[in-house]
Amino acid sequence: MSLDTDDEILQDFLVEAGELLEGLSEQLVQLEQTPDDKDLLNAVFRSFHTIKGGAGFLNLENLVKICHRAEDVFNLLRQGQRQVDSNLMDIILQVIDILNQMFDEVRSGEMPSPAPDDLMAALEPLAQPPGEVPEPVAAAPEPPPPPPPAAVPAAGGRSGGDITDEEFEALLDALQDQKQGGAAPPPPAAPSAAGSQGGAAGDVITDDEFDQLLDELQGHKGGAGSQPAQPPAPAAGGQDSGALISDDEFENLLDNLHGKNKPAAAGASPPPSPAAPAPAPKPAPAAPAKPAAPEKAAPTKPAPSPADTSVRVDTRRLDDIMNLVGELVLVRNRLATLRSRMGDEQVSKAVTNLDVVTADLQAAVMKTRMQPIKKVFGRFPRVVRDLARSLKKEVNLELWGEDTDLDKNLVEALADPLVHLVRNAVDHGIESPEERVAAGKPRAGHVVLSAAQEGDHILLTISDDGKGMDPNVLRGKAVEKGLMDEDAASRLSDHDAFNLIFRAGFSTKTEISDVSGRGVGMDVVKTRIAQLNGRVEVTSELGKGSTLSIRLPLTLAILPTLMVVLGKQRFALPLANVSEIFDLDLSRTNRVDDQEVIMVRNRSLPLYYLRRWLVAGGTDEYRGMGHVVVVFSGNQRVGFVVDSLIGQEEVVIKPLGNMLHGVPGLAGATITGDGGIALILDIPGLLKNYARRF
């Protein structure tokens, strides 16, 4: 049976339940570390309960079954009849994996497949109390003081099934009869409400009556019907009607309505009612809150309004809006160029205003595309937890800056590189507990994953307190694998030696496992980060740990560039790759191993002439002073010689046509402020395809 993926209710369920499912993995790992956290237990229970409810409404039975069984497990945990341990968490995390698979099937329009039988069989004993269930008689709700016979079976005569509609109606009728037949005066604070209630007693239940029903179902004492002749009773009733019930009380109410908490002795009839006031401390702590009740009630009315301030928008619409803003930016650039030629003051003011409005609109639209990086970070507690168990290590993960926002395309693109870097930190960096103790360290290793915004860039760091990297070992491995000779390896600085880990086929592992050892992965990470106009750096201290830093632009939609001229053609260098610009006497360069180099702050940089690569016939020799643009490519710095500099300009990347599509070193094209075309350069692609040793 297929599902209608265009159904609005189904899409709402996928979005809301999907968000709950994303948070569950992180919550479960945290719960394993703090098993006594009642709030966390309740949050996990409610997540499973909510997903189950939505799936049941949409008749997704297989989803309902596995969520219901997981819900039963956490119900026992909340009641203290089971304890959280690693084996239980292994099974629950498998449930999360299966739920993710089911959600993928639903998104593709298919009914979810049944959960594996072995998983359901493993859940079954966890959903049952390990021993005899303690009797919950003390906390059981009691019937009201003068309850009619019909109310007793409704509230207390059930053996565990759900309350039926008829029983619920009978309970409501009993409350109405009690109010009309008794001598209890209406609460003095709301005489008009009492008067209107008298005329509609048989049709609509009032707020006060519903609050009294909640009190009776939860076993509260001291309500308006407890002692109608006493003055404090109406005040207590008034207070109860305006107070908010807590999460625990609401959960208890749900359990009572669904027959999970069996009340004590269905035969507890009206005669024991004098004993009802025995637990007198209950109304006593509530008394100081009486004056505050009306004040609390007032602000609760506009509470739903925040939900009305947000709306879900298809991301394709956001992309379309962003494309239109990009076109507007190009028009603004064009008008800014024409302004200087026209010399009209009024036109100049109008263009200046347009410039300001366009910049504000661009910033506002970019914010709508922003997502917190927590969407990526949320998966790592589970990744670290599972990997540490498989490697028999103890690792604590700390997340910083989860609320840092960046473009949604970057959020999606960062997922795989970060997973590899975090796994690498746990596998390569953190030692075994025995090695750490022998080195005078705590048994558990520490990994920190952080994000922070720095100007128009975002900085991501993955650091560990493990064994660090030995630059001499890295140099030896490079020679052993034939990546360089001994002489070249010996000249490498420690910083350059650390960067060897990004070479394809490089690995320090002596044994190949399902986690690492094949020498693939880090080079892919470097390439992927470079494609996002970012760069990655690594620092390490032997015996202390390592840190990998990734610097990325906040958005990929509108690209700040440095415009340069080669021959008669304009080219755009991504500003994120540009380090510095200076003029140089090109006759004062050196050659090392047949490569032209320059010395910048006592460090040699390879020098390349872009015109020779990108302009037909651009092989003539450069003389005199030249403009050098120093750029980053991953962890390498090189100098590009250009004919002239135009300046910084924000551009919108346009795809290349069929003739230029796939040409190495070109990332796209854009329209310049004077209406011309500029090609956007791909720095890593240029160096890989044209430069020596890249």
Side-chain angles (χ1 to χ4, degrees), residues 407 409-410 412-414 416-418 420-421 456-460 483-484 495-496 498-506 519-538 548-557 559-564 566 571-581 595-597 604-615 628-642 651 653-656 660-670 678-694:
D407 192 281
N409 293 332
L410 278 172
E412 296 163 0
L414 279 174
D416 289 341
L418 284 180
H420 188 87
L421 292 177
D456 60 349
H457 286 72
I458 184 165
L459 178 65
L460 303 173
L483 299 177
M484 58 183 64
H495 180 269
D496 292 335
F498 295 146
N499 287 317
L500 288 172
I501 65 174
F502 296 108
R503 294 286 189 98
F506 189 90
V520 296
M522 295 299 283
D523 61 317
V524 177
V525 169
K526 177 183 174 182
T527 302
R528 185 59 179 145
I529 297 300
Q531 290 172 348
L532 299 174
N533 297 320
R535 62 179 186 266
V536 57
E537 295 180 353
V538 57
L548 285 108
S549 302
I550 301 172
R551 192 177 299 275
L552 292 162
L554 282 175
T555 180
L556 298 176
L559 185 68
T561 64
L562 174 66
M563 285 288 181
V564 301
L566 304 174
F571 292 88
L573 293 169
L575 204 59
N577 295 100
V578 176
S579 172
E580 58 183 310
I581 304 170
Q595 169 63 54
E596 196 163 358
V597 299
S604 63
L605 294 181
L607 191 67
Y608 301 101
Y609 297 84
L610 282 182
R611 196 203 308 173
R612 297 175 182 174
W613 293 351
L614 301 172
V615 178
V628 178
V629 181
V630 179
V631 299
F632 280 95
S633 174
N635 301 297
Q636 299 293 329
R637 291 202 312 161
V638 301
F640 284 155
V641 178
V642 300
V651 302
I653 301 177
K654 300 291 184 182
L656 295 169
L660 294 177
H661 184 70
V663 174
L666 298 182
T670 188
L679 295 175
I680 302 172
L681 299 181
D682 172 22
I683 306 299
L686 277 176
L687 295 174
K688 181 178 180 181
N689 288 277
Y690 298 109
R692 297 174 62 244
R693 304 182 190 176
F694 278 90

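Given the structure is predicted, the values throughout are model-derived calculations rather than measurements.
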Q | Stepwise side-chain contact (heavy atoms from CB on, under 4.5 Å) test for Val630 and Val578 | A | CA-CA 6 Å; Val630 179; Val578 176; over 6 Å; no
Q: Assess whether side-chain contact (heavy atoms from CB on, under 4.5 Å) is satisfied between Leu500 and Asp496, documenting all intermediate values.
A: CA-CA 7 Å; Leu500 288 172; Asp496 292 335; over 6 Å; no
Q: Assess whether side-chain contact (heavy atoms from CB on, under 4.5 Å) is satisfied between Leu410 and Ile458, documenting all intermediate values.
A: CA-CA 11 Å; Leu410 278 172; Ile458 184 165; 5.6 Å; no
Q: Kindly indicate, with the supporting measurements, whether the criterion side-chain contact (heavy atoms from CB on, under 4.5 Å) is fulfilled by Leu607 and Phe640.
A: CA-CA 6 Å; Leu607 191 67; Phe640 284 155; over 6 Å; no
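To the nearest 0.5 Å, the span separating CD1 on Ile529 from CG on Leu552 amounts to 5.0 Å. To the nearest 0.5 Å, atom CG of residue Asp416 and atom CZ of residue Arg528 are 8.5 Å apart. One distance of note links CD of Glu537 with CG of Asn499; it measures 7.5 Å at 0.5 Å rounding. Distance check: His420 NE2 to Leu548 CG gives 10.0 Å after rounding to the nearest 0.5 Å. The distance from the OG atom of Ser549 to the CG atom of Leu459 is 5.5 Å, given to the nearest 0.5 Å. The CG atom of Leu575 lies 11.0 Å from the CE atom of Met563; values are rounded to the nearest 0.5 Å.
Glu596 and Tyr608 share no side-chain donor-acceptor pair at under 3.5 Å.
Here the side chains of Trp613 and Leu681 are not in contact, with every heavy-atom distance at 4.5 Å or above. At a threshold of 4.5 Å between non-hydrogen side-chain atoms, the residues Thr670 and Leu679 do not count as touching.
Screening Val629, Val615, Leu686 for a side chain to side chain contact (heavy atoms under 4.5 Å, CB included) involving Leu610 leaves a single residue, Leu686. Of the candidates Val638, Leu562, Leu605, Val638 is the only one forming a side chain to side chain contact (heavy atoms under 4.5 Å, CB included) with Val631.
Judged by the 6.0 Å distance and 45° axis criteria, Arg612 is positioned over the aromatic ring of Tyr609.
In plain terms, the two heavy atoms of Pro417 and Leu414 that are nearest each other are CD-O, 3.3 Å. Taking all atoms of both residues into account, the shortest heavy-atom contact from Ile683 to Pro574 is CG1-CD, 4.4 Å. Across all their heavy atoms, Tyr690 and Pro664 have their closest contact at OH-O, 3.5 Å. Between Ala667 and Ile653, the shortest heavy-atom contact is O-CG2, 4.2 Å.
Between the Asn577 side chain and the Leu573 main chain, no donor and acceptor come within less than 3.5 Å of each other.
The existence of a salt bridge linking Glu580 and Arg637 is confirmed by a sub-4.0 Å separation between a basic side-chain nitrogen and an acidic carboxylate oxygen.
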